[in-house]
Amino acid sequence: DTSDPRFHAELDAVRDREDQLWKETREETRRGKMDELARAGGTAVDCQCCFVEYCDASMAACDRGHLFCVNCVRRYVQESVFGNSGTTGPGSTRLKCMDTSTCQGCFSAATVRTALPADLLRRYERRQA
């Protein structure tokens, strides 16, 4: 029944989600083009996790300067925060650096936010509260 307010609320939620997915797709496309230009221009930086070259805008750093691509950081957040492996304590959202050395650095909340899509960011922020 289209006169039911719940129908309209659900429809609005679906439209909002669709808009967010389009924004994320456009951002990923933009980053991909920037990555290609950086590789062609010799200014790309290696991710210290997957070892693929990316432009600066596609990278995130721990507070000690180790660089990782946003794709690796995103996967790390999903596995670490929501699976509780690699965090600094049970239920913690503090993420240790992924560098395989003895780095004691962490990713700041601001750095993590730049790497996450909206749905994962909402879950991450709820976890922080």
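Between F68 and Y76, the distance from one ring center to the other does not fall under 6.0 angstrom.
Judged by distance alone, with hydrogens and angles left aside, the side-chain atoms of D4 form a donor-acceptor pair with the main-chain N or O of R6 at under 3.5 Å. Between the side chain of R39 and the backbone N or O of A44, no donor-acceptor pair lies under 3.5 Å. D35 places no side-chain N or O within donor-acceptor distance of the main-chain N or O of Y54, the cut-off being under 3.5 Å. Between the side chain of D99 and the backbone N or O of H66 there is no donor-acceptor pair closer than 3.5 Å.
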> How far apart are the C-alpha atoms of Y124 and L116, what are their side-chain angles, what is the distance that settles it, and do they pass the side-chain contact (heavy atoms from CB on, under 4.5 Å) test?
Replying inline: CA-CA 9 Å; Y124 173 78; L116 300 182; 3.9 Å; yes
>> Pair V45, D56 - check side-chain contact (heavy atoms from CB on, under 4.5 Å), show working.
In response: CA-CA 7 Å; V45 179; D56 288 345; 3.5 Å; yes
>> Could you go through Q104 and K96, starting from their C-alpha distance and side-chain angles, then the distance that decides it, and tell me whether this counts as side-chain contact (heavy atoms from CB on, under 4.5 Å)?
In response: CA-CA 7 Å; Q104 297 299 310; K96 293 180 182 177; over 6 Å; no
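Here the SG atom belonging to C103 is positioned 9.0 Å from the CD atom belonging to Q48, to the nearest 0.5 angstrom. The CG atom of N71 sits 7.0 Å away from the CD atom of E28 when rounded to the nearest 0.5 Å. The distance from the CZ atom of R74 to the OG1 atom of T114 is 10.0 Å, given to the nearest 0.5 Å. We find the CG-SG distance between L37 and C55 to be 8.5 Å, quoted to the nearest 0.5 Å.
Both V77 and F107 sit in one connected hydrophobic cluster of ILVMFWY residues. Membership requires side-chain heavy atoms under 4.5 Å apart, directly or through other members. Residues M34 and V52 do not share a hydrophobic cluster, clusters being chains of Ile/Leu/Val/Met/Phe/Trp/Tyr side chains in contact below 4.5 Å. Placement of L67 and V112 in two distinct hydrophobic clusters is found when ILVMFWY residues are connected by side-chain heavy-atom separations under 4.5 Å, directly or transitively.
The pair R17-D119 meets the salt-bridge criterion, since a charged nitrogen lies less than 4.0 angstrom from a carboxylate oxygen.
Side-chain contact between C72 and M98: present, with at least one pair of heavy atoms (C-beta onward) separated by less than 4.5 Å. At least one side-chain heavy atom of Q78 sits under 4.5 Å from a side-chain heavy atom of L120. With contacts defined as side-chain heavy-atom distances shorter than 4.5 Å, the pair C69/C50 qualifies.
Contact detail for S58 and R31: the closest heavy-atom pair is OG-CD, 3.5 Å. When all heavy atoms are compared, the tightest approach of A61 to T111 is O-CG2, 3.6 Å.
Heavy-atom neighbours of E10 CD from other residues, nucleotides or ligands within 6.0 Å: at or below the threshold of 12.
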